[in-house]
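To start, the structure itself, in structure tokens.
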Amino acid sequence: MLLNKIEDVRTEVEKYRKSGLKVGLVPTMGALHEGHLSLIKKAKETCDKVVVSVFVNPIQFGPSEDFDKYPRTLEADTELCNKEGVDIVFAPTPKEMYGEGNRLSNDTLTYVCPPFFYVNKLCGKTRTGHFDGVCTVVMKLFNIVQPDCAFFGQKDAQQVIIIKKMVNDLNIPIQIIQCPIVREESGLALSSRNKYLTEEGKKDALVLSEILNNIKLCYQKGITDVSALKETAYSFLTDKHELEYLELMDRDTLEEKTSADDNTIALIACRVQGVRLIDNVYLK
Ligand code: AMP
């Protein structure tokens, strides 16, 4: 069922909880693809009832980012969710989530701000305030739905690490389940933003997974020096690619590595045709 109101979601989920059913939440911004569906499938396996939220969250977009043009395909999303046996699609308006007349800023609204150590790197470096927006909306969704489990993709590795940190630091009684990255056969990680790319752009975008796979291969061959591993990327880049970052970090704590080990994650952000794409890989 498609619900837009917080109160209606609360009422419905309350019924599930009273019947002792285990509730799973899959937060999304919609334009659903197989990556999202893998989270939904995992939620269906793990829980009795599944809520999928579809909300393009204004407060996690910077002023020059793609909030207005972000793909919105609620009808198709609802259909897909129905096919997967999702119990509730929660698609609120920004007004429903943040109230009437509120200026969307931490001047007037309570924000949940994750620690600086986790946000002053990778995507947080260029997307100022992004993870405050993410944690705030996720916290709100947690409070509205009060699920037993919530499902997030490794695709947004920094995000899931930050959510786990928030859950731990704020004693939130919700189990966070991380799901692997779903890719096209070509290797391109699925993303709603791939819709912005032409066919040629999609080919150029393969550079992200190629660079990451090559780093993993080099690590498996015995190269551990992070500078040397990063060096291997440059031969893949052309003038079609605008590299934003390539980092090797601890996959749990986001501490920077100088020497890679089995707990290392390689993360990349790169613009192709002006579209900002991200990807990552565990070296083991
Ligand atoms: P989004 O709609 O982009 O906010 O994503 C909603 C959730 O789906 C997040 O937890 C993402 O990490 C996850 N997700 C997005 N793309 C993929 C993918 N290719 N594979 C697995 N999970 C994904």
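This structure is a prediction, so every number in the text was calculated from the model and none was measured. Remember, it's 1-based here, ligands and their atoms both numbered in the order they're listed.
- A donor-acceptor contact closer than 3.5 angstrom is absent between the side chains of Thr11 and Asp8.
- Taking the centre and axis of the six-membered ring of Phe67, the NZ or CZ atom of Arg72 falls inside the cone set by 45° and 6.0 Å.
- Distances below 4.0 Å separate heavy atoms of Pro180 from the following atoms of ligand 1: 20 (N), 21 (C).
- Inclusion of Leu39 in the set of residues having an N or O under 3.5 Å from an N or O of ligand 1 is not warranted.
- The pair Glu184-Lys202 counts as a salt bridge, with a side-chain nitrogen and a carboxylate oxygen less than 4.0 angstrom apart.
- More than 12 heavy atoms of other shown residues, nucleotides or ligands fall within 6.0 angstrom of atom NZ in Lys164.
- The shortest N/O to N/O separation between Ile181 and ligand 1 does not fall below 3.5 Å.
- If you number the atoms of ligand 1 from 1 as listed, the ones under 4.0 Å from a heavy atom of Thr28 come out as 2 (O), 6 (C).
- Distances below 4.0 Å separate heavy atoms of Leu190 from the following atoms of ligand 1: 16 (N), 17 (C), 18 (C), 19 (N).
- Close contacts between ligand 1 and Phe152 involve ligand atoms 10 (O) [criterion: under 4.0 Å to a heavy atom].
- Residue contacts with ligand 1 leave out Arg183, since none of its heavy atoms falls under 4.0 Å from the ligand.
- Under the 4.5 Å side-chain criterion, counting only non-hydrogen atoms from C-beta, Lys121 is in contact with Gln158.
- Ligand 1 places these atoms under 4.0 Å from at least one heavy atom of Met29: 1 (P), 2 (O), 4 (O).
- Annotation: cation-pi pair Lys69/Tyr196 present, NZ/CZ under 6.0 Å from the ring centroid and within 45° of its normal.
- By the 4.0 Å N-to-carboxylate-O rule, Asp279 lies close enough to Arg183 to be salt-bridged with it.
- Residue contacts with ligand 1: Asp156 is placed with a nitrogen or oxygen under 3.5 Å of a nitrogen or oxygen of the ligand (distance criterion only).
- Residue contacts with ligand 1: Pro27 is placed with no nitrogen or oxygen under 3.5 Å of a nitrogen or oxygen of the ligand (distance criterion only).
- Not one N or O of Lys155 is nearer than 3.5 Å to an N or O of ligand 1, by distance alone.
- The side chain to side chain donor-acceptor pair (under 3.5 Å) test with Tyr98 is passed by exactly one of Thr93, Asn57, Thr136: Asn57.
- With salt bridges taken as basic N to acidic carboxylate O contacts below 4.0 Å, none links Lys257 and Glu247.
- Proximity of Cys179 to ligand 1, defined as any heavy-atom pair under 4.0 Å, is not found for any part of the residue.
- Looking from atom 10 (O) of ligand 1 to the surrounding protein, the closest heavy atom is Gly153 N, 2.9 Å.
- At the shortest separation from atom 20 (N) of ligand 1 among protein heavy atoms lies Val182 N, 2.9 Å.
- Here the protein heavy atom with the shortest distance to atom 1 (P) of ligand 1 is His36 NE2, 3.7 Å.
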(message) Applying salt bridge (Lys or Arg N to Asp or Glu O under 4.0 Å) to Lys44 and Glu84, what does each step give before you reach the verdict?
(response) CA-CA 8 Å; Lys44 286 289 292 177; Glu84 294 297 329; over 6 Å; no
